[in-house]
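Down below is the structure, laid out as C-alpha cells.
The figures here come from the full heavy-atom set of this structure, side chains too, leaving out hydrogens, waters and symmetry mates. Remember, it's a predicted structure, so these values are computed and weren't measured experimentally.
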Amino acid sequence: QVQLVESGGGLVRPGGSLRLSCAASGTIFRFLTMAWYRQAPGKQRELVARITTDGSTNYVDSVKGRFTISRDNGKDTVFLQMNSLKPEDTAVYYCNVDPPIEDYWGQGTQVTASS
C-alpha cells in the first residue's frame, strides 16, 4: 500500500522560507516522477513543481525562481524549498506522482504566509 506523508508546513511572514518534505513508502519511488501540488481555499488543486527520475524539474510560472523541488532516492523523499513566500502561496500542499493517482493523496501540510 502506497503512503505519502507530507510535513514541514507552518505560518511564516511574507518573504520567509519553509522546506516541505514528503516521505514515500510502499512504492518504487526512484522510478516515479514526483510532484508537489497545492490547493488554496475556494480554488482547484494545482501542480506547483515536478521532478523526473533523472532530476529534471518544472515549475508553475508563479513560483519560478522562488521554489526548488529536489529528491533523495536513497530515502524515498521529495522536498520543496520555498523562499520569498507570498500571501498567495497560502494553501495546503500535497505530494503525489505526476500525473496524480487518486489513492495516493495524503493529508497535506498547511502553508500560510501572512503578517
*With distance as the sole test, does R66 use its side chain to make a donor-acceptor pair with the main-chain N or O of S84 at under 3.5 Å?*
yes
*Can D61 and K64 be counted as an ion pair, charged N to O under 4.0 angstrom?*
yes
Would you list the atom pairs, donor with acceptor, under 3.5 Å between side chains in residues 74-82 and any protein atom, with sequence neighbours excluded?
| from | atom 1 | to | atom 2 | distance (Å) |
| --- | --- | --- | --- | --- |
| T77 | OG1 | K75 | O | 2.8 |
| Q81 | NE2 | N83 | OD1 | 2.9 |

*To the nearest 0.5 Å, how far apart are CZ in R50 and SG in C95?*
15.0 Å
*R71 charged N/C atom sitting above F29 aromatic ring, 6.0 Å / 45°*: yes
*Please confirm whether the backbone N or O of S56 pairs with a side-chain atom of D54, one donor and one acceptor, at under 3.5 Å?*
yes
*Looking at L32 and T53, what are the two nearest heavy atoms and their distance?*
N-CG2, 3.5 Å
*Kindly give the heavy-atom pair with the smallest separation between L47 and Y37, and that separation in Å.*
CA-CD2, 3.6 Å
Check residues 104-115 and write down every donor-acceptor pair under 3.5 Å in which the side-chain atom is one partner and the other belongs to a residue at least two apart or another chain.
| from | atom 1 | to | atom 2 | distance (Å) |
| --- | --- | --- | --- | --- |
| T109 | OG1 | G9 | N | 3.0 |
| Q110 | NE2 | A91 | O | 3.4 |
| Q110 | NE2 | T112 | OG1 | 3.3 |

_Hydrophobic cluster membership, I51 vs Y94, 4.5 Å side-chain cutoff_ = no
_Contacts of D103 that satisfy salt bridge (Lys or Arg N to Asp or Glu O under 4.0 Å) - sequence neighbours left out_ = none
*Rounded to the nearest 0.5 Å, how far apart are OG of S21 and CD of E6?*
10.5 Å
*Does any N or O in the side chain of Y59 come within less than 3.5 Å of the main-chain N or O of I69, such that one atom is a donor and the other an acceptor?*
yes
*Taking all heavy atoms of A24 and all of L4, pick out the closest pair and write down the distance.*
CB-CD2, 3.5 Å
*For the atom pair OG1 (T52) and CZ (F31), what is the distance rounded to the nearest 0.5 Å?*
13.5 Å
*Mark yes or no for whether N96, through its side chain, and M34, through its backbone, hold a donor-acceptor pair below 3.5 Å.*
no
